[in-house]
Amino acid sequence: MPFFESKDHTRLFYRDYGAGDTVLFVSSWGLSSRMWDYQTTCMVDHGLRCITYDRRSHGRSDDPGRGYDYDTLAGDLAALIDYLDLEHVTLVGHSMGGGEVVRYLTRYGPQRIKGAVLVCAGLPFLLKTEDNPDGVDAEALNIQRETLKADFTKWMIENEPPYLNTEGPTPLGEWTRWDMLQASLPALIALNRSIFETDFREEMRAITIPTLIIHGDNDYSFPIQISGRKSAQLLPNNRFIIYENGPHGLYLTHVDRLNTDLLSFVKG
């Protein structure tokens, strides 16, 4: 199986399919490269090269017990781009993956990147503070983390309906829960802190490459008014698309529309 090593010698699993212009997908919190299967299958069929990878402590990658900050995670992404010597790449990040895309661009520059797509991204800053009054309250986040520690499986089941905008459990939800169980719970809790406590506002203003922002107006995880809309105000060269009734898991619920928008952006 294909692996590459990060700067701290963590072995990370990646998948590389197709040929043509390169699209590199960065996965959501708790999910492996498998989350992108419906997108990569379509992209490859349309003459694109698709690369996905498992974040540290996810899927088939090593579980090093460290490196759950955005600087390290962006370094992992940079290591993959360097390892495969990629050029003219379109980066696509969902949820937490959007933060990794932004941090990669501001730390390593856009020289190898031709565009970025932020899908339901946890940006620009989600924590409630004096200068971010509509963010999420810190105490609510502490309660959420204690819930994860107490019964992660129950938390996944209870959060499936809003994640996929369904009435109850579904096969897609079962697949998602199985994937999340491959990730390390201590890592997920540490990563949850990084998601909500990292402020990307200033660095997003410096990103000038073409960026597509896609967000659902029924996103329970990262409500559009504190994430997608604010990101669109900060990024100087973006197109903002709102999916009506789109939940956080719209890569599963709005497959055809998302694939069409991705193809249109990548192929220009």
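A donor-acceptor pair shorter than 3.5 Å cannot be found between the side chains of Gln225 and Asp134. Side-chain contact, Asp179 with Ser32: a donor N or O sits under 3.5 Å from an acceptor N or O. Counted by atom type alone, His215 and Ser227 present one or more donor-acceptor pairs between their side chains at under 3.5 Å. With no hydrogens or angles considered, a side-chain donor-acceptor pair links Thr170 and Glu160 at under 3.5 Å.
Inter-residue side-chain proximity for Cys42 and Leu263 is flagged as met; some heavy-atom pair is nearer than 4.5 Å. The closest side-chain heavy-atom distance from Leu262 to Val117 is below 4.5 Å. Taking 4.5 Å as the limit, every side-chain heavy atom of Leu12 sits out of range of all side-chain heavy atoms of Asp62. Counting only heavy atoms from C-beta outward, the side chains of Phe222 and Ile195 approach each other to under 4.5 Å. You'll find the side chain of Ile241 reaches within 4.5 Å of the side chain of Leu212, heavy atoms only.
Aromatic ring pairs are classed by plane angle as parallel below 30°, tilted from 30° to 60° and perpendicular above 60°; the pair Tyr251 and His94 is perpendicular. Under the 30°/60° scheme for interplanar angles, the aromatic rings of Phe152 and Trp29 are found to stand perpendicular.
Among Leu24, Leu258, Val119, the single residue meeting the side chain to side chain contact (heavy atoms under 4.5 Å, CB included) criterion with Val92 is Val119. Screening Val101, Thr211, Ile209 against Leu91 for a side chain to side chain contact (heavy atoms under 4.5 Å, CB included) leaves a single residue, Val101.
Under the 4.5 Å side-chain heavy-atom criterion for Ile, Leu, Val, Met, Phe, Trp and Tyr, Val255 and Phe265 are members of the same hydrophobic cluster. No path of Ile, Leu, Val, Met, Phe, Trp and Tyr side chains, each step under 4.5 Å between heavy atoms, connects Tyr220 with Ile157, placing them in separate hydrophobic clusters.
Geometrically, Arg11 engages Phe3 in a cation-pi contact defined by less than 6.0 Å to the ring centre and at most 45° from the axis. By the 6.0 Å and 45° rule, Arg49 does not stack over the aromatic ring of Tyr17.
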side-chain contact (heavy atoms from CB on, under 4.5 Å) between Tyr163 and Ser221, worked out: CA-CA 7 Å; Tyr163 188 81; Ser221 301; 4.3 Å; yes

Please evaluate residues Val23 and Val266 with respect to the criterion side-chain contact (heavy atoms from CB on, under 4.5 Å), reporting the C-alpha separation (whole Å), side-chain torsions for both, the decisive distance (0.1 Å), and the verdict. CA-CA 8 Å; Val23 187; Val266 173; 3.9 Å; yes

Evaluate the criterion side-chain hydrogen bond (donor to acceptor under 3.5 Å, both in side chains) for residue pair Ser95 and His248; output intermediate values, then yes/no. CA-CA 8 Å; Ser95 192; His248 198 58; 2.9 Å; yes

The test is side-chain hydrogen bond (donor to acceptor under 3.5 Å, both in side chains); show your working for Tyr68 and Ser57 and say whether it passes. CA-CA 9 Å; Tyr68 305 122; Ser57 303; 2.6 Å; yes

Under the criterion salt bridge (charged side-chain N to carboxylate O under 4.0 Å, His left out), I'd like the reasoning laid out for Asp37 against Arg15: C-alpha separation, chi angles, the key distance, then a yes or no. CA-CA 11 Å; Asp37 279 1; Arg15 306 161 79 204; 3.0 Å; yes

List the steps, then state whether side-chain contact (heavy atoms from CB on, under 4.5 Å) holds for Phe196 with Phe125. CA-CA 7 Å; Phe196 285 95; Phe125 183 38; over 6 Å; no

Checking Phe200 against Tyr70 for the ring-ring contact (aromatic ring centres under 6.0 Å, His included) test, could you report, in this order, the C-alpha distance in whole Å, the side-chain angles of both residues, the deciding distance, and whether it holds? CA-CA 10 Å; Phe200 291 97; Tyr70 276 104; 4.9 Å; yes

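Under a 4.0 Å N-O distance rule, the pair Arg229/Asp217 does not qualify as a salt bridge. Using a 4.0 Å cut-off between charged nitrogen and carboxylate oxygen, Lys7 and Asp76 do not count as a salt-bridge pair. Using a 4.0 Å cut-off between charged nitrogen and carboxylate oxygen, Arg103 and Asp69 do not count as a salt-bridge pair. Between Glu100 and Arg55, at least one side-chain N (NZ, or NE/NH1/NH2) sits under 4.0 Å from a carboxylate O, which counts as a salt bridge. A salt bridge is defined here as a Lys NZ or Arg NE, NH1 or NH2 lying under 4.0 Å from an Asp or Glu carboxylate O, and Lys267 with Asp21 fails to meet this definition. Of the charged side-chain nitrogens involved, none lies within less than 4.0 Å of a carboxylate oxygen, so that Arg34 and Asp54 do not count as a salt-bridged pair.
Summarising the local packing, NZ of Lys128 is surrounded by 12 or fewer heavy atoms from other residues, nucleotides or ligands at distances under 6.0 Å. Residue Lys154 qualifies as open at atom NZ: its count of foreign heavy atoms under 6.0 Å is 12 or below. Within a 6.0 Å radius of CD in Glu197, more than 12 heavy atoms belonging to other residues, nucleotides or ligands are found. Arg239 CZ: 12 or fewer foreign heavy atoms inside a 6.0 Å radius.
Proximity of a side-chain donor or acceptor of Glu146 to a complementary backbone N or O of Asn142 within less than 3.5 Å is not detected. With hydrogens and angles disregarded, no donor-acceptor distance shorter than 3.5 Å links the side chain of Thr10 to the backbone of Ser6. A donor-acceptor pair under 3.5 Å is formed between the side chain of Asn237 and the backbone N or O of Thr208. Remark: side-chain polar atoms of Asn238 are paired, donor with acceptor, to backbone N or O of Leu235 under 3.5 angstrom. With Thr129 contributing its side chain and Asn132 its backbone, the two residues share a donor-acceptor pair below 3.5 Å. Looking at Arg112, its side chain never comes within 3.5 Å of a backbone N or O of Glu87 through a donor-acceptor pair. Here the side chain of Thr90 pairs no donor or acceptor atom with the backbone of Ala116 at under 3.5 angstrom.
Here the CD-CD1 distance, from Glu244 to Ile242, works out to 10.0 Å after rounding to the nearest 0.5 Å. Taking CG from Leu181 and OG1 from Thr153, the interatomic distance works out to 5.5 Å, rounded to the nearest 0.5 Å. For the atom pair Ser184 OG and Asp63 CG, the distance stands at 4.0 Å (nearest 0.5 Å). In this structure, the separation between OG1 on Thr72 and CG on Leu77 is 12.5 Å, given to the nearest 0.5 Å.
Taking each heavy atom of His254 and Gly246 in turn, the nearest pair found is CE1-CA, 3.7 Å. Nearest approach of Ser33 to Thr52, heavy atoms of both residues: CB-OG1, 3.2 Å.
Residue pairs that meet the ring-ring contact (aromatic ring centres under 6.0 Å, His included) test with at least one member in residues 30-58, sequence neighbours left out, are Phe25-Trp36, Tyr38-Trp175.
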